[in-house]
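A note on names: the letters A, B, ... follow the listed sequences, proteins ahead of strands, and every chain is numbered from 1.
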There are 2 protein chains.
Amino acid sequence: MSKKYVYLFKEGNKDMRGLLGGKGANLAEMTNIGLPVPQGLTITTEACNNYFADGNKLSDELLEQVWEKFAIVEEQIGKKFGDSQNPLMVSVRSGAAISMPGMMDTILNLGMNDVTVQAVAKLTNNPRFAYDCYRRFIQMFSDVVMEIEHYKFDNILENHKNKEGVQHDHQLSPEGLLGVIEDYKKLVKREKGVDFPQEPKEQLLMAIEAVFRSWGNPRAIVYRQLNKIPDDLGTAVNVQSMVYGNMGDTSGTGVAFTRNPSTGEKKLYGEYLINAQGEDVVAGIRTPQPISKLAEDMPEVYEQFVNVANLLESHYKDMQDIEFTIENSKLYMLQTRNGKRTTAAAMRAAVEMVQEGLIDKETALNRIDAQQIDQLLHPSIDPNAKLDVVAQGLPASPGAACGKILFDANEAEERGKKGEKVLMVRTETTPDDIHGIIMAQGILTSRGGMTSHAAVVARGMGKPCVCGCDALKIDYENECVYIGDLKLNKGDVLSVDGSTGNVMLGEVPLLAPELSDNFKQILAWADEMGGMEVWANADNPRDAKKAREFGAKGIGLCRTEHMFMEQDRLPIVQEMILAENVADREVALAKLLPIQQQDFYGILDAMVGLPVTIRLLDPPLHEFLPNAEELALEINDMRHEGASAEAIAEKEALLRKVRGLHEMNPMLGHRGSRLGVTYPEIYRMQARAILQAAAQLIKEGKDVKPEIELPLVIDPQEVKMLREEIEAVGKSVMEEMGVEFEYQIGSMIELPRACLLADELAQYADYFTFGTNDLTQTTLGFSRDDAEGKFMPAYREKKILKENPFAVLDRKGVGQLIELAVQKGRSVKAGMSFGICGEHGGEPSSIEFCHGAGLSFVSCSPYRVPIARVAAAQAQIKNPRK
Amino acid sequence: MSKKYVYLFKEGNKDMRGLLGGKGANLAEMTNIGLPVPQGLTITTEACNNYFADGNKLSDELLEQVWEKFAIVEEQIGKKFGDSQNPLMVSVRSGAAISMPGMMDTILNLGMNDVTVQAVAKLTNNPRFAYDCYRRFIQMFSDVVMEIEHYKFDNILENHKNKEGVQHDHQLSPEGLLGVIEDYKKLVKREKGVDFPQEPKEQLLMAIEAVFRSWGNPRAIVYRQLNKIPDDLGTAVNVQSMVYGNMGDTSGTGVAFTRNPSTGEKKLYGEYLINAQGEDVVAGIRTPQPISKLAEDMPEVYEQFVNVANLLESHYKDMQDIEFTIENSKLYMLQTRNGKRTTAAAMRAAVEMVQEGLIDKETALNRIDAQQIDQLLHPSIDPNAKLDVVAQGLPASPGAACGKILFDANEAEERGKKGEKVLMVRTETTPDDIHGIIMAQGILTSRGGMTSHAAVVARGMGKPCVCGCDALKIDYENECVYIGDLKLNKGDVLSVDGSTGNVMLGEVPLLAPELSDNFKQILAWADEMGGMEVWANADNPRDAKKAREFGAKGIGLCRTEHMFMEQDRLPIVQEMILAENVADREVALAKLLPIQQQDFYGILDAMVGLPVTIRLLDPPLHEFLPNAEELALEINDMRHEGASAEAIAEKEALLRKVRGLHEMNPMLGHRGSRLGVTYPEIYRMQARAILQAAAQLIKEGKDVKPEIELPLVIDPQEVKMLREEIEAVGKSVMEEMGVEFEYQIGSMIELPRACLLADELAQYADYFTFGTNDLTQTTLGFSRDDAEGKFMPAYREKKILKENPFAVLDRKGVGQLIELAVQKGRSVKAGMSFGICGEHGGEPSSIEFCHGAGLSFVSCSPYRVPIARVAAAQAQIKNPRK
């Protein structure tokens, strides 16, 4: 028996999306639940794939099934294709499993020809209607099936309107329409050398082929590439008997959502037009009426529609987006699908549906696109504002901001502190700019990608950022920036939208973010699911408080280097680095101790009752020193300008030190715990600062949970040695301060060797957190600073990598190492805590992986905590942990 | 029952080294095979460990056993400790399981006191002898046990000689010696406040404790650290009854090897002194006689000694290093051990012992220290030469070289080509210096470690190199170098010894290396063992020929970047890199094609019949361009000096390009197959050059086996795509040239992700080779260029790492990934070929690992091929593969 390629609507159901496409499956479902659906048939996606496999040919088998089922449809409707008395007309629509713009849309009125048009004129007693249908059909069919350019038909139509002296299509006389039809047919003959097909069966087969072909059109291919839709899904074809909304004032057509797609409010939301076909709504010539008005125009139909809408929503248990047509006061359903909605609407609808008992909490959580939540956590541009977009860069950190543009971090800090709203504009940012970034409303750079310094720092701070906006030409010397011919001086106002990458002139009106009650309810339910905990990365009390506000259950990563970078400490840090011996270095460290202690006091205090993981110094020391090339150029200038030998010698000494610390590959260099091994006095000072701060708080009666973390370890001996040093410091701090308390010592796992030796490391570590930024760099041999600007685009374009592995965790490589490490670590210490604190900790797909790998928590920037809470809950729902 | 801490000699055997130490075990063995050994006892290493565990205290249990066994010794000898008629005297010696300088040596004549000295005087009828023994004992005991400085005793002795007006010790009168003894005893009393111990038992216990304590003295600790000897081995103590070689002209003492330790010749080799104790031989006052002379002096004793020596060698089946004493014409054996020998001697002895039937080939191979073979493959300094060492650096590449010092690679190349012997002297070398290095006899740098560019390149070329010689201050401008106050100008002659790191003034006499027949025999046997094949890394026909000469079975790595670096190609390569579009790049590539084809023709021709693995371009393109900082300074100079705007603009354009290619971490950057993905035209050109060369040779009737290799891959899709491109080139080359042939396409595995995905990669690769340099860098997160100069010394010093992981493969981390990759790769393709071609491929311990991991071959620099052949055989012997 041959395969079934053609289904009557009544033969399918909503779960057959793969085979019948989304539209076909829903038409079938509506048919089966007894709704008034104009009957028809659906040709399967398999038939589409076979069509391509057979060299773009409709198989005999398929044709046989089409005509067999089509006969049944004729019987259902009581009309016949091409019949001179009571002819059947159909629409033909494509319908893939995944909704996909760029493919062939719709052909209406198929089955019209010179004979049937007269039958319709007679049947409806409305020649104008019949001719208009035929006219539209020829135009549509010729355009999408025969590929004759659209404007040529428009020209003919215009000519006839001019001839009759009318303005709108519907003002044309029946005779005028007949003239249009004649001219259309001539145009087809002229363009294609054949007559417009009169045989309805031929029309239908040509239309089916056109739908299949549209699966392979360039726009569709590009869309699939962008959205990672497999090429072999294929499209289904829906052939549906026509109903007419344009048969007079008791006819009409419309679309409606069962709830408001912008706000989620439970109220029918949509619009309709009396005496119109679907395309008229789109054309925008007449203004549609809000759906509520239908209650006045056709109360019975409205009531029926409300019932149908309610039925569909409770049947699908989700907000529906419905298309309908009214033909002579009779309601027909043409389509239903889950409605697209804003994140805010999704939250409200989900929460209310749970309250209505329609869905459970798990379903509600699954309805939220965790990635989209980001939109709700930052100021956004008033959608009603008129924008003057002058340039576009990469949407590097979401939210919108306005401010006076400044090119210098010091000035940004100074004016920001005075309360001015400033926008940092730089070619690129460096750690030296941090103090300026902190005080700025947003950041705009002309170079660098989504993982550049500016982007990473901005996301961490939840600050809007547009990166890599290469239209910007910054002239630091004259303190101005050019965008094409436009020149902006320091202090001029720009706005940036980090969600779109847009750069706008002047100040745009902003809407403040807020956690709605629905959002809070969703988050509360998320936490109930019992998935992984969500912690946050925070380097200061301000961020820690924000994290706590967003529901973080701890600080998973507090980086101490940002503290070193601050303007008031940097000179002491440099003194420490440039020290010629341990004694001198300890003098500088002694100055840093009270400052660091204050840092840690603040963050531990902000997180009272919750764990705070503080990572000891990680970056290579040369990051705290001036740039070698700049120094060399400065010395060169000094020479040319006749500076004193002494002054030159001093600069040269500094340059020698900088060069001495220079590294070919700083990522793989003298950093992380290697600093602790070579300069134990630095880690001792930091451990002391942390533990003294903890002791101080405990004496004040506060419950603090400090966790000291070793970065970039490779070997159990290294962890053992550094642990012993910290414990010695801990012992003396407790003795000196007369207080006893618990604290943990753990390590980051950031290198393949640490994963491979996790069982041995676990002997000396209380917990582990994965630093997946570095782990990704070393596992793939990809420098994060270099890859995006150099070869990564080619790797994605050529489909070697599906995602940027720094954004979405590489499960195959990095993930394999993580799973290995968890298994090895827990083989030594059952139940050992494992976290992740790279950028991946706030990315939903990576969070799902972490859940599967058995991690205890994810840690992300404060502004992503709500996202991570939802994503962690979704992971738990999908794959519950025992 | 208590543990046994004391063994009589007859209670032990040679396999008890761990417990009795090497000396004790061999004394026991000699006793048991019936040789004349002065009897005694050995206190175990366990007793030593207990001594430390008990807080430096001899336990009662131990004391009890010592006296119990000592009584048996007294009975064996027929003398008694402290007896006034027939007193027993003993020697006390330390003896660890591993021979260890820096520990307490020997105390002779223990048991002497004011009473027994008279008994000895009477028994021997030789008061002078007796007093001299006592005098020596007091001095030795006071020095090593009581820790009174040696020179104070020497002063007393000198005083007495002056008093008697004699020159040598043995000229002192008996009365004079008695005076010395009195003064010695007074000195002890004065220094330590106690009398010199008269009780022999007390003397013995003090001596035993001194031996134990010497295990913990600083020199011994340092030695153990350097030689990685565990601290908890402990030392044994040997207490042996004295025999006297200084009892007159029928007495004597000597040492001998059963074969010549320099050459391996089978002939007794040693020396002796008549009427002397062991220390006299060392003192060098009298010149010892060659051992053969003993045949004249004491024919019977000589014959007996020859028999004993033969017996010992055949018993131990190895060359012995024997100490003996003759007391009144009676021969006593004091020690035997395996003799240390040069590598040349080891080879000859091993080969001859196999021929004699003494040992089998496996044992012969195991006798060779593979690492030491290196000595035989390079010119060495005549050991008789007098050297003027002016500085010392790191022994970076073995062998010695002399030449005129030059600071510039171009000049080195030029003068080298003229036949002058030149030595390249640089702060560091870079790939730009290659052409100079090729023509130089050796390399000397003031910066950089064992894995610096100079060191790696030099080892690859088998060229002597001394690195990191920081005494050198090079003044490039004035073309001279300072070593302290010494100034050397360009053209002055220096010599370097890359085996020791010495730098010598002037030309030193060199000995040429040669593969002796014994060496060849050893290598032939090595190959018979059927271990892994040994291939070589070679980038040009010269190196390939050398590799073949040394027995390489293929080229495992031919780097194409070195070809790009050569002076005549670099401008074309730069043109290719600076090309603004693919078309321009292809123009430059077309110029490179015939040059590359010629390169590959040469190397394939040199290896006819054997596989040649050619790796496509690997390094980041900026390595072929000028340095950004130098360019920036040059532009700065041009500005200051008023160069034309045009000239500056041109330089600036170049600088922009260089900066555009700049990378933060080039090791993790745009290199390897990433070049092939982003610039497919480069790899296509290289594939074409390789395959055209192969086709050309095949048409000439030669059997060539090209293997094209993809560097730094991460993903199966990448390998698949590049493979398809190469295959397309292969197809058209074969069509164009009308010849069909086989070739392989494989990939290097250099990144953790490649190991983790080896099963997927294997679908598209014919073979794999591990690039363990890069794999070590990424697995440990260690930049090879940075680690040695920065943090690695601390990691080794603090025992976090036992070895430099770039020299000796890190089995725990990198090794784990290799094993995983082999297992995964072969799960897809059983029997798939895996090789290794990092620096580790020539290092014996790493080779042993590779054998265990199931690798098919190791590939190393040509000069290390013989080492690798022996090491591979040893690995196979130790752990035979089925």
Side-chain angles (χ1 to χ4, degrees), chain A residues 628-629 632-633 636-637 639-641 660-672 674-675 677-678 712 714-718 721 750-757 760 774 777-787 789-791 793-795 798-801 810 812-814 816-817, chain B residues 628-629 632-633 636-637 639-641 660-672 674-675 677-678 712 714-718 721 750-757 760 774 777-787 789-791 793-795 798-801 810 812-814 816-817:
Chain A
E629 184 174 330
L633 284 169
N636 192 273
D637 284 339
R639 283 228 179 74
H640 283 289
E641 288 153 11
L661 288 171
H662 171 78
E663 292 179 312
M664 295 289 289
N665 297 289
M667 222 299 298
L668 308 177
H670 195 171
R671 51 172 290 229
R674 296 160 198 180
L675 295 172
V677 169
T678 47
L712 209 81
I714 54 158
D715 198 90
Q717 284 311 307
E718 183 183 36
M721 198 189 90
E750 304 170 85
L751 293 170
R753 195 177 199 261
C755 294
L756 297 164
L757 270 66
E760 297 189 33
D774 278 337
Q777 295 200 88
T778 45
T779 303
L780 276 76
F782 273 20
S783 166
R784 191 170 66 155
D785 294 312
D786 304 315
K790 303 286 200 302
F791 54 85
Y795 269 65
K798 299 189 179 180
K799 296 189 183 173
I800 295 168
L801 294 176
D810 162 45
K812 274 192 181 178
V814 176
Q816 199 177 144
L817 283 175
Chain B
E629 184 175 331
L633 283 170
N636 192 273
D637 283 339
R639 284 228 178 75
H640 282 289
E641 287 153 12
L661 288 171
H662 171 77
E663 292 179 312
M664 295 290 291
N665 297 289
M667 222 299 299
L668 308 177
H670 195 171
R671 49 173 292 229
R674 296 160 199 181
L675 296 171
V677 169
T678 47
L712 209 78
I714 52 156
D715 197 272
Q717 284 311 309
E718 181 184 35
M721 197 188 90
E750 303 169 86
L751 293 171
R753 195 177 200 262
C755 294
L756 296 164
L757 270 66
E760 297 189 33
D774 278 336
Q777 295 201 93
T778 45
T779 303
L780 278 76
F782 274 20
S783 166
R784 191 168 68 154
D785 294 311
D786 304 315
K790 302 283 198 306
F791 55 86
Y795 269 66
K798 299 190 178 179
K799 297 191 182 171
I800 295 170
L801 294 175
D810 162 44
K812 274 193 184 180
V814 177
Q816 200 178 142
L817 283 175

Counting heavy-atom pairs closer than 4.5 Å to chain B, which one of A:V814, A:D715, A:L780 comes out on top?
A:L780

Just wondering, do B:D786 and A:L668 contact through their side chains at under 4.5 Å, heavy atoms?
no

For A:D774, is it the side chain, the backbone, both, or neither that has a heavy atom closer than 4.5 Å to a heavy atom of chain B?
neither

Do A:R753 and B:Q816 come close enough that some side-chain heavy atom pair is under 4.5 Å?
no

Beyond-backbone contact of A:L751 with B:T779, side-chain heavy atoms, under 4.5 angstrom:
no

Can you tell me which portion of A:I714 sits under 4.5 Å from chain B's heavy atoms? Options are side chain, backbone, both or neither.
side chain

So what's closer than 4.5 Å to chain A heavy atoms on B:M667: side chain, backbone, both or neither?
both

Using a 4.5 angstrom heavy-atom cutoff, name the option from A:G672, A:A632, A:A794, A:P666 with the most pairs to chain B.
A:P666

Contacting moiety of A:E629, where chain B heavy atoms sit under 4.5 Å:
both

Can you tell me how far the CG atom of A:L712 sits from the CZ atom of B:F782, to the nearest 0.5 Å?
8.5 Å

Using heavy-atom distances under 4.5 Å, tell me whether A:A787 contacts chain B through its side chain, its backbone, both, or neither.
neither

Tell me, do A:K798 and B:E718 make a side-chain contact under 4.5 Å, heavy atoms counted?
no

Of the listed B:H662, B:Q717, B:K790, B:R639, the one with the largest count of heavy-atom pairs under 4.5 Å with chain A is B:K790

Aromatic rings A:H640 and B:H640: how do their planes relate, parallel, tilted or perpendicular, breaks at 30° and 60°?
parallel

Measure the shortest side-chain to side-chain distance between B:M664 and A:R784 over non-hydrogen atoms and say whether it is less than 4.5 angstrom.
no

Check each atom of A:E750 against the heavy atoms of chain B and say whether the ones under 4.5 Å are side chain, backbone, both or neither.
neither

When heavy-atom pairs shorter than 4.5 Å are enumerated against chain A, which of B:L817, B:T678, B:L801, B:N636 gives the highest number?
B:N636

Below 4.5 Å from any heavy atom of chain A, which atoms of B:E663 appear? Answer side chain, backbone, both or neither.
both

Give the member of A:D810, A:I800, A:L661 that has the highest number of heavy-atom pairs under 4.5 Å with chain B.
A:I800

Under a 4.5 Å cutoff for heavy-atom pairs, which residue among B:R671, B:E760, B:Q777 has the most contacts with chain A?
B:E760

Residue pair B:R674, A:Y795: steps toward the side-chain contact (heavy atoms from CB on, under 4.5 Å) verdict
CA-CA 8 Å; B:R674 296 160 199 181; A:Y795 269 65; 3.3 Å; yes

Contact leader toward chain B among A:G781, A:A754, A:G669, A:C755, where contacts are heavy-atom pairs under 4.5 Å
A:G781

